[in-house]
Amino acid sequence: MDSIRLTGVRAEATHGVLDFEHVEPQPFVVDATMFLDLSEAGASDDLAATVDYGQIAKRIVNVIEGEHVDLIERLAAKIADSILLSHRIQRVIVTVHKPKAPIKVPFDDVSVTIERARDPEGGTLASQIGAAASASASTSAANGSADSNAAATGTSAMPATHTAIVAMGGNIGDVEQTLRAAVVAIDGVPGNQVNGISPLYRTAAWGMEPGTPDFLNAVVELTTTLDADTLLNALQTIETAHGRSRKVHWGSRPLDLDIIDFDGETRDDPRLTLPHPRAWQRAFVLAPWADLEPAARLVGPHGGPVAELLARTPDHDAVERVSDSWILGGSVA
Ligand SMILES: Nc1ncnc2c1ncn2[C@@H]1O[C@H](COP(=O)(O)OP(=O)(O)OP(=O)(O)O)[C@@H](O)[C@H]1O
Ligand SMILES: Nc1nc2c(c(=O)[nH]1)N=C(CO)CN2
């Protein structure tokens, strides 16, 4: 199978079994070989048809700089898991080197190498969403949507690639686990690629009855070949799969997925308003977005630099950044 090989990704951290290793940083160096089908990218020259190795390198550094582990075996496993979040990657070989390990004889390097494959059972929700996405794409083709005309007329133009910011939140059940599953599901939708995942925030319920349990919130940045309506359909399918009901507007919920921004487009349609009409006043959206993209701007009549909008929200002190590495597991509860 085709592969992308990334070598020598390095960062300093305090992983190790010995006491002094918990406080004194030392270098960790990672090589990763990712197996995926590169034929489409080879033909189209389109980044959306492969994985962005720059993003993978950042993910590796995030894991190295994340929570302490004793063993490089564990570090390698966490890195493999973070790489397999990209749904295109079928298999990965990860080597973690610890060249300054405390070994009392002369040595060049010590490393572990592991190989991990995508869970073959993992595709169920993704294929269900894929079916929803293609059903809704053919509906919009029937309605004459510009993006779908090529498919309707049988021409084979490459689909355009869009960039979206999706906000995630919930306050019922094991929300952290639900949000992790949501990221995997969003990335697994055919045409989507999640490129950035914000830190996780605990936030007071905004605009809800007193006593409503706190939320956990985060945002993801993705590229997608879906149009905005089809993306919304896919997100609602994921919400429903996690038990979301829409009976109570602004009620507690296991999972809420909102499109905050889609290519900077503005649109005043109640089915899909862009940017999200209340994003500008929500610290629980702006804080994780500003962490993920410090220079981000919100478009529209209430728009501006996200960091400035955040500073203007009256409740920006009521959101607490609780984890940078939540996507890799563990619990902030
Ligand atoms: N940018 C958007 N993202 C998600 N849904 C949107 C957007 N704009 C309009 N909607 C519409 O809003 C409807 C209600 O969405 P939802 O149930 O997620 O609302 P809510 O989470 O209770 O409130 P809020 O939209 O204030 O977060 C959806 O069915 C959808 O059609
Ligand atoms: N803290 C917080 N408050 C909310 C949230 C949310 O995700 N987090 N979502 C709402 C409606 O979508 C309303 N209020």
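In each ligand, atom 1 is the first atom listed, and ligand 1 is the first ligand listed. Note that the coordinates shown come from a computational prediction; the quantities given were computed from them, not determined experimentally.
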Original post:
Above 12 or not: heavy atoms from other molecules or residues under 6.0 Å from CZ of R321?
Top reply: yes
Extract all N/O-N/O pairs under 3.5 Å that connect ligand 2 to the protein, and present each with both atom names and the distance rounded to 0.1 Å.
| unit_1 | atom_1 | unit_2 | atom_2 | d |
| --- | --- | --- | --- | --- |
| ligand 2 | 1 (N) | T203 | OG1 | 2.6 |
| ligand 2 | 1 (N) | A204 | O | 2.7 |
| ligand 2 | 3 (N) | W206 | N | 2.9 |
| ligand 2 | 7 (O) | N217 | ND2 | 2.8 |
| ligand 2 | 8 (N) | N217 | OD1 | 3.0 |
| ligand 2 | 12 (O) | R253 | NH1 | 3.3 |
| ligand 2 | 12 (O) | D256 | OD2 | 2.9 |
| ligand 2 | 14 (N) | W206 | O | 2.8 |

**OP:** Check the surroundings of atom CG in D109: do more than 12 heavy atoms from other residues, nucleotides or ligands lie under 6.0 Å from it?
**Re:** yes
Original post:
Counting from 1, what ligand 1 atoms have a heavy atom of P270 closer than 4.0 Å?
Top reply: 9 (C), 10 (N), 11 (C)
Original post:
What atoms of ligand 1 come closer than 4.0 angstrom to any heavy atom of R282?
Top reply: 24 (P), 26 (O), 27 (O)
Subject >> Heavy-atom donor-acceptor pair, E239 side chain to L257 backbone, under 3.5 Å >> reply: yes
Subject >> salt bridge (charged side-chain N to carboxylate O under 4.0 Å, His left out) evaluation trace for K98 with E21 >> reply: CA-CA 12 Å; K98 192 173 173 184; E21 293 185 286; 2.8 Å; yes
**OP:** Run the numbers for me: atoms of ligand 1, each under 4.0 Å from some heavy atom of R253, listed by number.
**Re:** 20 (P), 21 (O), 22 (O)
Original post:
At a 4.0 Å threshold, what atoms of ligand 1 neighbour a non-hydrogen atom of Q236?
Top reply: 28 (C), 29 (O), 30 (C), 31 (O)
**OP:** Please indicate whether any nitrogen or oxygen in E239 is less than 3.5 Å from any nitrogen or oxygen in ligand 1.
**Re:** no
Original post:
Which is it for P277 and ligand 1 at heavy atoms under 4.0 Å: side chain, backbone, both or neither?
Top reply: neither
**OP:** Look at the aromatic rings of F28 and H15 and report parallel, tilted or perpendicular, splitting at 30° and 60°.
**Re:** perpendicular
Original post:
Crowded around D268 CG? As in, over 12 foreign heavy atoms under 6.0 Å?
Top reply: no
**OP:** Establish, from distance only, whether the side-chain atoms of D227 and H162 form a donor-acceptor pair under 3.5 Å.
**Re:** no
Original post:
Going from CG on L231 to CD1 on I259, what distance comes out if it is rounded to the nearest 0.5 angstrom?
Top reply: 4.0 Å
Subject >> Per atom 1 (N) of ligand 1, closest listed option by heavy atom (D258, D261, I259, D269) >> reply: I259
Subject >> Side chain, backbone, both or neither: the part of L232 lying under 4.0 Å from ligand 1 by heavy atom >> reply: side chain
Original post:
Are D81 and R180 close enough for a salt bridge, meaning some N to O gap below 4.0 Å?
Top reply: no
Subject >> Any side-chain heavy-atom pair of V285 and N217 under 4.5 Å >> reply: no
